[in-house]
Amino acid sequence: MRLRTTRPLKMSWILRGLRYQSPELRGALFYFFVFAITGAYEPFLTVYLAEMGLDGKEIGVLSAFFPLMSLVAAPIFSRLADQRGVHRAVLVICLAGQAIGLGILQIPKTFLGMLPLILVYAIFRSPIQPISDSLIVRMAIRHNLSYGKIRQWGSVSFATVSLISGIVWKLMGYEWMFFAASALSLLVIIPSLWLEPHDQEEQRKKSVGRGSMLSTMKNPLLLVLVLATFLVGAALGIGRTFESVYINYLGGNRQLIGAFYAISAYSEIPAMVFARWILRRLNGKKILILAYTFILLAYIGYSLAQEPEWMLLLVVLKGVGFGLFFVTTVGLIDEIAPDHWKATAQSVVVAAGWGLGPLLATLVGGVVFDVWGPASVFLVNAGLVAVAIILFLATRFPQKETQPEISIQ
């Protein structure tokens, strides 16, 4: 009589089992790991470059590759994924390319050495967010899930990992952050395979539309949103580039930089959660002016800061403002744009606020940093946001256009 032996628990069984868990869990795991990658290195990258001896202009040039590729590479990869229906395959390729790029970023120690590597890394990084967002939003709609509940795990992960990383890199050195981020990029390939592909019939129906994007852009509120998002996005782009360098300049250490970015991300969550409740009491125009005002006050406070600890308090204002700004902008665009141009309208605003705005602003910010000093950078930011506020105050909209119900679940 043969005894039946217990078969060992294989890792493939575990992965197969997780694959069939709820779509909400799969999407949350993906966002958690993707934003863990960002939290592990992004808050410290410009400080690392500054400690290498790079000046403000050189840091600005390297940082400009990220928004530049959001304008150039991301649409190419995304269009390929849409046309061929290979979103997950493109996503895996980009994650693998990102892992390789991050792994070798710690090798060069000069500006010219970093230049090609940052460029290649930015090419692979730029399509990850739009392609994964597209997959997860579709999955959430298909299963009647709250996209916001899935997406919040990205903010939680970024905040937590950046806080821990500030402590760890203080002890181990910045070089290790590239290895950690590279390993996480490889790890996140697993949950990327669990994301459900687009429904091809649904894509075909959405591609059949009437009218043109030009006629859609004639809507005055949409035009103002594009311009205002460009200005605020430019300010936020400069801030992301030089905030950690400024904390270091004020005497803050790596642990404080990690805490700064953690507080910033945690501050966004309540604003996003309660944005729908606020929208029922104020119209979209007033909420955006309120959001811009929070960001404006934060940047003015940055420029006046005398101690690095002040930044931890001021970033709460910016976090709350960004949370309101992001959710309200997305909701307004979804309400304004016709059904067959909603995604295109969103991409135009994203390109303005997270591509073109930061691209131009980081180059200018580097010059301002070198010529007038670190505090002047944030006065420029405050000026850009102030122009966005004036733009909204000076524009009149039909009442029904300024009171949307945010259509994101």
Side-chain angles (χ1 to χ4, degrees), residues 15 18-19 21-45 65-67 69-70 73-74 77-78 81 86-103 105 120-140 145-165 177-198 240 258 261-262 264-266 268-269 272 322-323 326 330 346 350 354-355 408:
L15 297 180
L18 286 172
R19 182 179 181 181
Q21 293 301 311
S22 72
E24 184 175 357
L25 175 61
R26 283 179 270 151
L29 283 172
F30 179 85
Y31 274 134
F32 185 89
F33 284 112
V34 161
F35 281 89
I37 298 168
T38 308
Y41 80 93
E42 187 173 86
F44 315 99
L45 181 59
F65 281 133
F66 298 110
M69 290 304 103
S70 293
F77 278 89
S78 299
V86 290
H87 298 83
R88 290 187 300 182
V90 173
L91 186 58
V92 168
I93 291 171
C94 291
L95 287 168
Q98 175 177 264
I100 296 170
L102 283 167
L105 267 183
V120 173
Y121 164 58
I123 289 173
F124 283 107
R125 171 189 159 164
S126 62
I128 291 174
Q129 201 64 48
I131 292 176
S132 60
D133 284 345
S134 173
L135 285 169
I136 296 174
V137 166
R138 287 288 96 204
M139 190 168 68
L145 300 172
S146 169
Y147 174 72
K149 287 181 65 177
I150 299 174
R151 174 59 179 78
Q152 70 177 338
W153 288 103
S155 297
V156 171
S157 173
F158 177 85
T160 305
V161 173
S162 61
L163 181 60
I164 296 172
S165 297
M177 71 182 180
F178 296 111
F179 293 115
S182 177
L184 285 169
S185 294
L186 291 175
L187 182 62
V188 82
I189 289 176
I190 296 172
S192 73
L193 296 173
W194 301 337
L195 303 180
E196 296 176 3
H198 279 264
R240 282 192 299 269
Y261 282 93
S264 176
Y266 282 130
E268 297 169 8
I269 297 172
M272 292 182 177
F322 178 81
F326 179 81
V330 171
Q346 295 280 5
V350 167
W354 282 267
I408 316 177

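Keep in mind that the numbers below use all heavy atoms, side chains included, and drop hydrogens, waters and symmetry copies. The residues of the chain are indexed from 1 along the displayed sequence.
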key: Side-chain heavy atoms of Leu95 within contact of Leu186, under 4.5 Å   = no
note = When every non-hydrogen atom of Leu102 is compared with those of Ala181, the smallest separation belongs to CD1-CB, 3.6 Å
inquiry  = Which residue is it: Leu135, Ile190, Leu195, Leu193? I am looking for the one with a side chain to side chain contact (heavy atoms under 4.5 Å, CB included) to Phe30.
reply    = Leu195
inquiry  = Testing the basics here: between Ser165 and Phe44, what is the closest heavy-atom pair and its distance to 0.1 Å?
reply    = CB-CE1, 3.7 Å
query = Shortest non-hydrogen contact from Gln98 to Ser185?
reply = NE2-OG, 2.9 Å
message = Can you give me the closest heavy-atom contact between Cys94 and Ile128, atom names plus distance?
response = CB-CG1, 3.8 Å
query = Listed by chain and number, what are the side chain to side chain contact (heavy atoms under 4.5 Å, CB included) partners of Phe33, not counting sequence neighbours?
reply = Leu29, Leu184, Leu187, Val188, Pro191
message = Once rounded to the nearest 0.5 Å, what's the spacing between atom CD of Gln129 and atom CZ of Phe35?
response = 4.0 Å
note = Nearest heavy-atom contact between Ala265 and Ala159 is CB-CB, 3.5 Å
inquiry  = Tell me the closest heavy-atom pair linking Ala40 and Met177, and the distance in Å.
reply    = O-CB, 3.6 Å
query = Got a second to check how far Phe32's CZ is from Leu25's CG, nearest 0.5 Å?
reply = 12.0 Å
request  = Starting at CD1 of Ile189, measure out to CH2 of Trp194 and round the result to the nearest 0.5 Å.
outcome  = 12.5 Å
ask   = Got a sec, which residues hit side chain to side chain donor-acceptor pair (under 3.5 Å) with Tyr41, two or more places apart in sequence or on another chain?
value = Tyr121, Arg125
Counterpart residues, side chain to side chain donor-acceptor pair (under 3.5 Å), relative to Ser182 (two or more places apart) = none
key: Residues forming a side chain to side chain donor-acceptor pair (under 3.5 Å) with Thr38, sequence neighbours excluded   = none
ask   = Among all residues two or more places apart in sequence or in another chain, which pass the ring-ring contact (aromatic ring centres under 6.0 Å, His included) test with Phe77?
value = none
key: side chain to side chain donor-acceptor pair (under 3.5 Å) involving Ser192 - partner list, sequence neighbours excluded   = none
request  = Any chance you could lay out the side chain to side chain contact (heavy atoms under 4.5 Å, CB included) test for Phe178 and Leu45, step after step, and finish with the verdict?
outcome  = CA-CA 9 Å; Phe178 296 111; Leu45 181 59; 4.0 Å; yes
